J.: 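Would you mind keeping the following structure in view while I ask a few things?
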Amino acid sequence: MGGMVDACFLGPYGENDALLEKLVVEFLRDHVYWRRNFHPADPPAIPTSAAGQPGYRQLEARMRRELHQLSAALKQSVPFHSPRYLGHMVSDLLLPGLAAQILTLPYNPNNVSEDAAPVTVDLEVQVGLQLARMLGYVHDPAAPDCAFGHLTSGGTSANLQALRLALALKAFPVALRAAQVPDIALPDDDVAAFNLGSTDAVALLQSWNEWLGAQLPAQQRRWRERVQAQRLEQRGLAAFFDVHPSLRPPLVLAPATAHYSWSKGMKLLGLGRDMLQAIPQRGMRLDADALADMVEACRNSGQPVLMTVGVLGTTEYGSIDPVDRICDVRDAAQASDFGFGVHVDAAWGGYLAALFRNPDGSLRARGEVAAGFQSFPSPAVHAAFAALGRCDSVTVDPHKLGYLPYGAGAFVCRDHRAMGLLAESADYVFHSQSPAGYLAHYRNLGLYTLEGSKPGAAAAAAYVTHKVLPLDHTGFGVLQRHSIAAAEAFVARARHLVADVGDVAHACIPFEPDSNLVCVAIAPRRSRTVAAASTFVRKLHDGLRSDPRRPLQTHEFFGSVTTLHLDGLDSDDRERILGELGLDEPGADDETGLVVLRHTLMNPYLIDHENGISYIDLYFEYLEDRIRALAG
Ligand SMILES: *Cc1c(COP(=O)(O)O)cnc(C)c1O
């Protein structure tokens, strides 16, 4: 739809200043009327003459002075809004989100509970349902197995929430056995209970809830306490494994490309980093055959697995793990009584799922998604997105590809009934099967989330944005379409660079991108070591990174770097990349971390059709000049 994207952002030049200003002023006034209309007969507590008092004037002057200084200092900020910014996972902010957030701030709702946020706590639960729909989960709150999602401070705490929930689900059947709950079909032994798998564990939890609901109140309390006393969350890891000697702490299997939040999570959970095991990758995508072998080895040695993590859009290369094949491995293991959870870390790539959805919520075929792209989505990428609904939980960051202000990550789980296990009070009985009942149940969000007080304004921003730009290919997908198209244009242009600078340097794209992050490796011809190539790229990056000592305007472009660890690559990838860069195989004592340029293609104006400017072309012209200056 022509012009739609043009109304989405403040714009590189602040083109939509009048629109944003109008919205902010209109709703600020609206807020003031709301204050006045609470008890309009209460007289103003701040006297109308106050503004003339010396103390008032002094404070106002101090406030202005500090705000001016802040505003001046902020001019050193990184210009995320500009199509010259190709660095990290951030771009301009969506106007509907920004306006909704500014509108909501003076009301200051706290989404910890409905008491402090009668409106925005519902919006947060709705955001969870909006995201669930995009991911292919059941999203009808009247369905017993409806999904549930909530916002978090970011992807890091959403991933931690996934670990907590997987551990709770894994350990709960063991607690039910230990409490000797009657009348429910329980697994035969502790090992079977621990390896039940999440779907069966949720079903067991449900049976227990129904059984409990049928007891008299006094019995209910007694049984609840009895089960609670056996839970891992009550006993702690040490005591739990002490009283269940046939069990061992479980492993988490995550690809080598996983974000460092997984290591943080393992430390915080008390499992420890040693229990996080790297799944081998090929071309920066999880190797599903290797995963199957790892799972088989775990099963044979009696080593339980908590969950397997797949990444949908790796932080470094934007590569997409084969989510469908991860689920296949899980299903096969489950069929032989070795269950574990599957979580997809889609902090980066989650919103790309909008491209794969029709407005009616159905999945688009690969051919439909592919129309207008050169190669996106590959069959493997399409299969990965199509399989999201089979995963137990997903992390999505609205503050990344959702173009919303920071402080907005999201955790979504497939079956909301599991969430009861995270509840801080033992209220894990869920009866109501109506949308109103579902919403009412989650109004005390703080019982389930890691965070306590949390910004209702972030929920308002996400909700309004998803209403204005629905999470399908005609809404949010239009933005993602620009981003993928820009990435494809970027890759094509990078191939030119390889030829253009061939007389002074070697360059290559180390891994074919699956989405909209593109890395470029460069090595000057005059040296053949990995260390020298890294030094060269660091020098290039010196011109591409924010440096508060230099005026902003002297920065032509912004980019980022990452280190490609050759040791983690399989021999094919390693030989290919070293070969394309004309580098020698590093010796035993040589540096094996290769620094490469990393680019995030998020800005919708990277190709400016209005003025016939391609910032991608300009960037590569700049890069070629710099390469010649440094390599010559
Ligand atoms: C960014 C990112 C995270 C961490 O998210 P924050 O919002 O920075 O906490 C986790 N996983 C992946 C794949 C990411 O890209």
Side-chain angles (χ1 to χ4, degrees), residues 137-138 143-148 164-235 239-250 295 298-299 302-307 327 329-342 390-393 413-423 426-433 441:
Y137 283 148
V138 174
D145 58 346
C146 182
F148 170 76
R164 281 209 310 154
L165 185 58
L167 188 59
L169 261 182
K170 197 162 184 63
F172 187 71
V174 178
L176 278 188
R177 273 181 46 80
Q180 297 178 328
V181 177
D183 308 327
I184 302 176
L186 291 169
D188 292 338
D189 55 35
D190 277 354
V191 171
F194 206 47
N195 292 334
L196 200 55
S198 27
T199 307
D200 289 348
V202 171
L204 190 59
L205 173 63
Q206 181 65 10
S207 310
W208 148 253
N209 279 338
E210 280 162 14
W211 178 83
L212 195 64
Q215 308 303 307
L216 295 170
Q219 290 295 312
Q220 272 189 18
R221 197 171 344 106
R222 193 171 79 79
W223 277 108
R224 193 177 285 156
E225 282 165 7
R226 197 164 148 157
V227 170
Q228 184 62 27
Q230 296 295 339
R231 291 190 56 197
L232 182 149
E233 287 76 4
Q234 184 69 30
R235 289 185 171 274
F240 182 84
F241 287 107
D242 260 0
V243 299
H244 300 290
S246 62
L247 302 181
R248 284 156 58 179
V295 167
C298 286
R299 199 168 80 86
Q303 169 60 60
V305 173
L306 178 60
M307 67 181 189
C327 291
V329 171
R330 183 228 15 223
D331 291 351
Q334 175 98 49
S336 54
D337 300 323
F338 191 67
F340 54 84
V342 171
R390 297 168 65 194
C391 306
D392 295 301
S393 51
C413 76
R414 181 181 46 172
D415 188 329
H416 81 99
R417 292 172 297 188
M419 288 303 290
L421 292 177
L422 292 188
D427 100 298
Y428 39 84
V429 188
F430 188 89
H431 294 299
S432 175
Q433 279 183 17
H441 186 77

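This is a predicted model, so every value here is computed, not measured.
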J.: So which atom in Gly341 and which in Ser198 form the shortest heavy-atom distance, rounded to 0.1 Å?
T.: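 Of all heavy-atom pairs spanning Gly341 and Ser198, the closest is CA-OG, 4.0 Å.
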
J.: Which heavy-atom pair separates His416 from Phe148 by the least distance, and what is that distance?
T.: CB-CB, 3.3 Å

J.: Quick one: pull up CG in Leu169 and CG in Asp392 and give me the separation to the nearest 0.5 Å.
T.: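 With rounding to 0.5 Å, CG (Leu169) is 7.5 Å from CG (Asp392).
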
J.: Between Asp331 and Arg390, is any pair of side-chain heavy atoms under 4.5 Å apart?
T.: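 Yes; the side chains approach each other to less than 4.5 Å.
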
J.: Say you draw a straight line from CZ of Arg414 to OG1 of Thr199; how long is it, rounded to the nearest 0.5 Å?
T.: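 Result: 4.0 Å between the selected atoms.
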
J.: Please determine, by modelled atom types, if Gln234 and Gln230 share a side-chain donor-acceptor pair under 3.5 angstrom.
T.: no

J.: Taking all atoms of both residues into account, what is the closest heavy-atom pair of Asp337 and Asn195, and its distance?
T.: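 Closest heavy-atom pair between Asp337 and Asn195: O-CB, 3.6 Å.
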
J.: Arg231 versus Leu421: any side-chain heavy-atom pair under 4.5 Å?
T.: yes

J.: Check whether any side-chain heavy atom of Leu204 sits under 4.5 Å from a side-chain heavy atom of Phe172, and report yes or no.
T.: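 SC-SC contact between Leu204 and Phe172 ruled out.
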
J.: Between Gln215 and Gln220, is there a donor-acceptor pair closer than 3.5 Å when you use the side chain of the first and the backbone of the second?
T.: no

J.: Do Asp189 and Ser246 touch side chain to side chain, with heavy atoms closer than 4.5 Å?
T.: no

J.: Calculate, to the nearest 0.5 Å, the distance between atoms CZ and CZ belonging to Arg248 and Phe241 respectively.
T.: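 Answer rounded to 0.5 Å: 10.5 Å.
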
J.: Do Leu422 and Leu165 come close enough that some side-chain heavy atom pair is under 4.5 Å?
T.: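 Yes, side chains in contact.
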
J.: Rounded at 0.5 Å granularity, tell me how far CD in Gln219 sits from CZ in Arg221.
T.: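 Taking CD in Gln219 and CZ in Arg221, the distance rounds to 10.0 Å.
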
J.: Considering only heavy atoms from C-beta outward, does the side chain of Tyr137 approach that of Cys391 to under 4.5 Å?
T.: yes

J.: Measure the CE-NZ distance between Met307 and Lys170 for me, rounded to the nearest 0.5 Å.
T.: 11.5 Å

J.: Do Glu233 and Arg164 have side chains that approach each other closer than 4.5 Å (heavy atoms only, starting at C-beta)?
T.: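 Not in contact.
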
J.: Side-chain contact, heavy-atom cut-off 4.5 Å: Arg235 with Asp242?
T.: no

J.: Could you check whether any side-chain N or O of Arg177 sits under 3.5 Å from a backbone N or O of Pro187, counting only pairs where one atom can act as donor and the other as acceptor?
T.: yes

J.: Only one of Val295, Leu196, Val191 clears side chain to side chain contact (heavy atoms under 4.5 Å, CB included) with Phe338; which?
T.: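 Passing option: Val295.
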
J.: Which heavy atom of Ala418 sits nearest a heavy atom of Leu205, and at what distance?
T.: CA-CD2, 4.1 Å

J.: Kindly give the heavy-atom pair with the smallest separation between Pro304 and Pro249, and that separation in Å.
T.: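 Closest pair (atom of Pro304, atom of Pro249, distance): CD-O, 4.3 Å.
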
J.: Could you measure the distance from the CG atom of Leu232 to the CG atom of Leu167? Nearest 0.5 Å is fine.
T.: 5.0 Å

J.: Is the ring pair Trp223/Trp211 parallel, tilted or perpendicular, if the boundaries are 30 and 60 degrees?
T.: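 Aromatic pair Trp223/Trp211 classed perpendicular.
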
